[in-house]
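The structure appears below as structure tokens.
What you see is a predicted model; the values in this text were computed from it and never measured.
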Amino acid sequence: MQHPVNPVELEEASLVELHQSIASLLASRGEWRQAYEHLRHALDLATAEKAPQVPEQFRQEVARLRREHAEAREQSIRDSLTASYNRRYLDQRLLEAGYRGAFAVALVDLDWFKRVNDTFGHLVGDRVLQQVVELLQTGLPEEAFCARYGGEEFVLMLPQLEAAAAWAVAEAARARVEQFPWTTIVRGLSVTVSIGVAHESGASGLTSPEQQLRLADGLLYTAKQSGRNSVAYRVGGQVRLSGAAGKRRPRG
């Protein structure tokens, strides 16, 4: 037979949980003394015979702290310039190595980006990076994401995609960058990217995302050496190219 729930016990549990939530949030911000105080209050309430009602102001404070914590967390994993995910988030996802089944890693590098900065200035260069990220993120499949790898290099993580679909995503991104009207930013500007795509079928389970990133870096080098503005990938052990350099024979 189920016993009726005591409202006082519910209120007590709620207040204990609120104190514990605040303690956790404060600890994540390094405010250890205040976190300790809230944990002490939670312990006192948990061992007390009766608990006071939860003040509405206390509930609002918890909600505010949770919002601030979520915002701080989001800011900590975003690149401040491009708003893409940052290297910290990328490394975290790579370490998790939680992908099951097929996945691909596409390493993207802006072609001749130093020339853009030297010719048009760093403010224009920053605007180019921001626009490229918007173009790379357009139409990404579910669970895929873009992260800034460093400088003018970006990574597209593409989980749950078969090889042909991953190459198609990379080629579409390359084409969007090439076809964007860059002269609307500054007269005489043109921008292209080169991409290396490494794919894992998931059948063997021997290739980790970190290894895929290294393989993608090697393919990116091939795309660069083969004329830039292209996507390099492997089919049956053979390197193939799409884009401007697609008709050229890859080196090496």
Step by step, work out the side-chain hydrogen bond (donor to acceptor under 3.5 Å, both in side chains) result for E171 and S242.
CA-CA 7 Å; E171 172 56 24; S242 65; 2.8 Å; yes
I need the Q137 CD to S84 OG distance, nearest 0.5 Å.
6.5 Å
If you look at every heavy atom in V235 and Y233, which pair is closest and at what distance?
CG2-CE1, 3.6 Å
Nearest 0.5 angstrom please: E152 CD to W112 CH2, how far?
12.0 Å
Closest contact, heavy atoms only, V116 versus V128
CG1-CG2, 4.2 Å
For the student: nearest non-hydrogen atoms of R174 and V193, plus distance:
CG-O, 3.7 Å
Looking at CD1 of I195 and CG of D109, how far apart are the two atoms once the value is rounded to the nearest 0.5 Å?
10.0 Å
Kindly write out the residues that satisfy ring pair (Phe, Tyr, Trp, His ring centres under 6.0 Å) with F154, not counting sequence neighbours, or none if the list is empty.
none
Between R176 and L135, is there a donor-acceptor pair closer than 3.5 Å when you use the side chain of the first and the backbone of the second?
yes
Quick one: does F145's side chain get under 4.5 Å of V155's, heavy atoms only?
no
Is the closest side-chain heavy-atom distance between L129 and L110 below 4.5 Å?
yes
OG (S194) and NZ (K224) are apart, to the nearest 0.5 Å, by 4.5 Å
Applying ring pair (Phe, Tyr, Trp, His ring centres under 6.0 Å), can you list everything that pairs with Y221, at least two apart in sequence or on another chain?
none
With respect to R148, which candidate in L90, V133, N86, L81 satisfies the side-chain contact (heavy atoms from CB on, under 4.5 Å) definition?
L81
Evaluate side-chain contact (heavy atoms from CB on, under 4.5 Å) for L156 paired with V105, printing each intermediate quantity in order.
CA-CA 6 Å; L156 297 180; V105 177; over 6 Å; no
Indicate the atoms forming the closest heavy-atom contact of V197 with A166, along with that distance.
CG1-CB, 4.4 Å
Hey, is D79 close enough to R87 for a salt bridge, meaning N to O under 4.0 Å?
no
In terms of hydrophobic clustering (I, L, V, M, F, W, Y; side-chain heavy atoms under 4.5 Å; direct or indirect links), are L140 and V231 co-clustered?
yes
For R240 and R234, indicate whether the former's side chain and the latter's backbone hold a donor-acceptor pair under 3.5 Å.
no
For G188, is there any backbone N or O sitting under 3.5 Å from a side-chain donor or acceptor partner on W182?
no
Before giving the answer on side-chain contact (heavy atoms from CB on, under 4.5 Å), spell out for Y149 and L213 the whole-Å C-alpha distance, their side-chain angles and the decisive distance to 0.1 Å.
CA-CA 11 Å; Y149 190 58; L213 189 56; 3.6 Å; yes
side-chain hydrogen bond (donor to acceptor under 3.5 Å, both in side chains) filter on R127, not counting sequence neighbours, yields Q131
Is there a donor-acceptor pair under 3.5 Å between the side chain of Q212 and the backbone N or O of A198?
yes
Counting N and O atoms only, with roles assigned by atom type, does the side chain of H199 sit under 3.5 Å from a partner on the main chain of L161, one being a donor and the other an acceptor?
yes
Is the backbone of L107 close enough, under 3.5 Å, to the side chain of E153 for a donor and an acceptor to pair up by distance?
no
Please check: side-chain N/O of T138 versus main-chain N/O of E134, any donor-acceptor pairing under 3.5 Å?
yes
Rounded to the nearest 0.5 Å, how far does CD1 of I185 lie from CG of L123?
12.5 Å
Can you tell me how far apart OG1 (T222) and CG (L241) are? Round to the nearest 0.5 Å.
7.5 Å
Evaluate the side-chain contact (heavy atoms from CB on, under 4.5 Å) criterion for residues R78 and Y85: first the C-alpha distance (whole Å), next the side-chain angles of each, then the deciding distance (0.1 Å), finally the verdict.
CA-CA 4 Å; R78 292 284 182 178; Y85 287 109; 3.4 Å; yes
